[in-house]
Amino acid sequence: MCEKWVEKPTFLFWNMESLKNIVKSNLVDDIQLMDLVYDARSDYIKIIIDSPKDIPIGKTSFIAKRIKNDENIISMFPNGCRLEVRTPGIGSNLNHSFQYKKNIGRKISLTYLGSDNESISKLYDLVDSNESGILVKNKNVEIFIHYEKIVSAKIKVSFD
């Protein structure tokens with residue numbers, strides 16, 4: 001029992017980078033790996049992907065099949081594994097500039113550091129995005145916020 005406990009972290013440490021490389025090699029088009037979670041106790045792999053364009057469910061399942069049938073995955077998990085491939089869900093934090101760009105025109109719940117490094121949280125309209133930051137608007141006042149100042153950014157979805 002103790003031997004397995006010692007072996008699992010070593011297995012996980014040495015193979016997380018391999019697992020990440022295998023997943024990345026099976027991504028298509030301009031799809032990017034956003035997050036990778038591996039549970040060694042149940043051989044469960046959760047992969048979150050995103051792209052500047054919307055990813056249809058068919059492409060997500062295609063990627064899942066490619067990963068599941070990859071010879072390296074088969075040899076890494078000879079008894080099989082549970083695999084989940086999905087896109088970020090509603091309420092997921094935006095982490096990359098392309099995620100802001102594809103949500104221009106939507107409401108964004110934003111927490112960022114102001115000029116005195118005070119935390120500011122407000123709901124804005126996302127007006128524009130570029131390589132260095134975003135332009136948001138609240139009550140006809142536009143503010144440019146650099147990415148490094150953003151603490152949390154989530155698209156606000158409402159059904160009016």
**Q.** Residue pair T87 / D50, side-chain donor-acceptor N/O under 3.5 Å
**A.** no

Q.
Is the shortest side-chain heavy-atom distance between N138 and D125 below 4.5 Å?
A. no

(Q) Ignoring hydrogens, what is the shortest heavy-atom contact between V151 and N93? Give both atom names and the distance. (A) O-ND2, 4.1 Å

Q.
Assess, by modelled atom type and distance only, whether the side chains of Y112 and Y124 contain a donor and an acceptor separated by less than 3.5 Å.
A. yes

**Q.** Distance (rounded to the nearest 0.5 Å) between L110 CG and I150 CD1
**A.** 5.5 Å

**Q.** Proximity of F77 and Y38 rings by center, below 6.0 Å
**A.** yes

**Q.** CD (E131) with more than 12 external heavy atoms under 6.0 Å
**A.** no

**Q.** V136 vs V127, side-chain contact (heavy atoms from CB on, under 4.5 Å): CA-CA, chis, key distance, verdict
**A.** CA-CA 5 Å; V136 293; V127 177; 5.7 Å; no

Q. Hey, are the side chains of D29 and K59 touching, using non-hydrogen atoms and a 4.5 Å cut-off?
A. yes

(Q) Taking the side chain as everything from C-beta on, heavy atoms only, tell me whether I155 gets closer than 4.5 Å to K107. (A) no

Q) With a 4.5 Å heavy-atom cut-off, do L27 and I49 have their side chains touching? A) yes

Q. Closest approach of S109 and L123, non-hydrogen atoms and distance?
A. N-CD1, 3.9 Å

Q) For the atom pair NZ (K20) and CD1 (I47), what is the distance rounded to the nearest 0.5 Å? A) 12.0 Å

Q) Would you say I55 and F62 are hydrophobically clustered, going by side-chain heavy atoms of ILVMFWY under 4.5 Å? A) yes

**Q.** Test applied, side-chain contact (heavy atoms from CB on, under 4.5 Å); reference residue, N26; option that passes from I67, N21, L33
**A.** I67

Q: Go through the steps to decide whether Y44 and K46 satisfy the test side-chain contact (heavy atoms from CB on, under 4.5 Å), and finish with yes or no.
A: CA-CA 7 Å; Y44 170 71; K46 180 169 84 172; 3.7 Å; yes

Q. Could you give the distance from CG (L19) to NZ (K24), rounded to the nearest 0.5 Å?
A. 11.5 Å

Q. Would you call R86 and E84 a salt bridge, using N to O less than 4.0 angstrom?
A. yes

Q. Are any of the side-chain heavy atoms of S18 and M76 separated by less than 4.5 Å?
A. yes

Q | Donor-acceptor side-chain pairing of S121 and T111 below 3.5 angstrom | A | yes

Q: State yes or no: do V28 and I22 share one hydrophobic cluster built from I, L, V, M, F, W and Y residues joined by side-chain heavy-atom distances below 4.5 Å, directly or via other members?
A: yes

**Q.** CD1-CD1 distance between I45 and I73, expressed to the nearest 0.5 angstrom
**A.** 5.0 Å

Q.
Is there a path of hydrophobic side-chain contacts, each under 4.5 Å between heavy atoms of I/L/V/M/F/W/Y residues, joining V37 to M16?
A. no

Q) Parallel, tilted or perpendicular: which describes the rings of H96 and F98, with under 30° parallel and over 60° perpendicular? A) parallel

Q. Is the number of heavy atoms from other residues, nucleotides or ligands under 6.0 Å of D54 CG greater than 12?
A. no

Q. Between D39 (side chain) and R41 (backbone), is there a donor-acceptor pair under 3.5 Å?
A. yes

Q.
When you compare the side chain of M34 with that of Q99, does any pair of heavy atoms fall below 4.5 Å?
A. yes

Q. Counting N and O atoms only, with roles assigned by atom type, does the side chain of N130 sit under 3.5 Å from a partner on the main chain of G133, one being a donor and the other an acceptor?
A. yes

Q: Check whether any side-chain heavy atom of Y147 lies under 4.5 Å from a side-chain heavy atom of I134, and answer yes or no.
A: yes

Q.
So N117 and K149, do their side chains get closer than 4.5 Å, heavy atoms only?
A. yes

Q) Of all heavy-atom pairs between I104 and S129, which one has the smallest distance, and what is that distance? A) CD1-N, 3.9 Å

(Q) Before you tell me yes or no, could you show the steps for I108 and Y100 under side-chain contact (heavy atoms from CB on, under 4.5 Å), namely the whole-Å CA-CA distance, both residues' side-chain angles and the distance that decides it to 0.1 Å? (A) CA-CA 9 Å; I108 185 169; Y100 291 93; 3.9 Å; yes

Q.
Rounded at 0.5 Å granularity, tell me how far CD1 in I48 sits from CD in Q32.
A. 14.0 Å

Q) Is atom NZ of K156 surrounded by more than 12 heavy atoms (other residues, nucleotides or ligands) closer than 6.0 Å? A) no

Q) Which heavy atom of R82 sits nearest a heavy atom of S42, and at what distance? A) NH2-OG, 4.3 Å

(Q) Donor-acceptor check, side chain of E148 to backbone of H146, threshold 3.5 angstrom: yes or no? (A) no

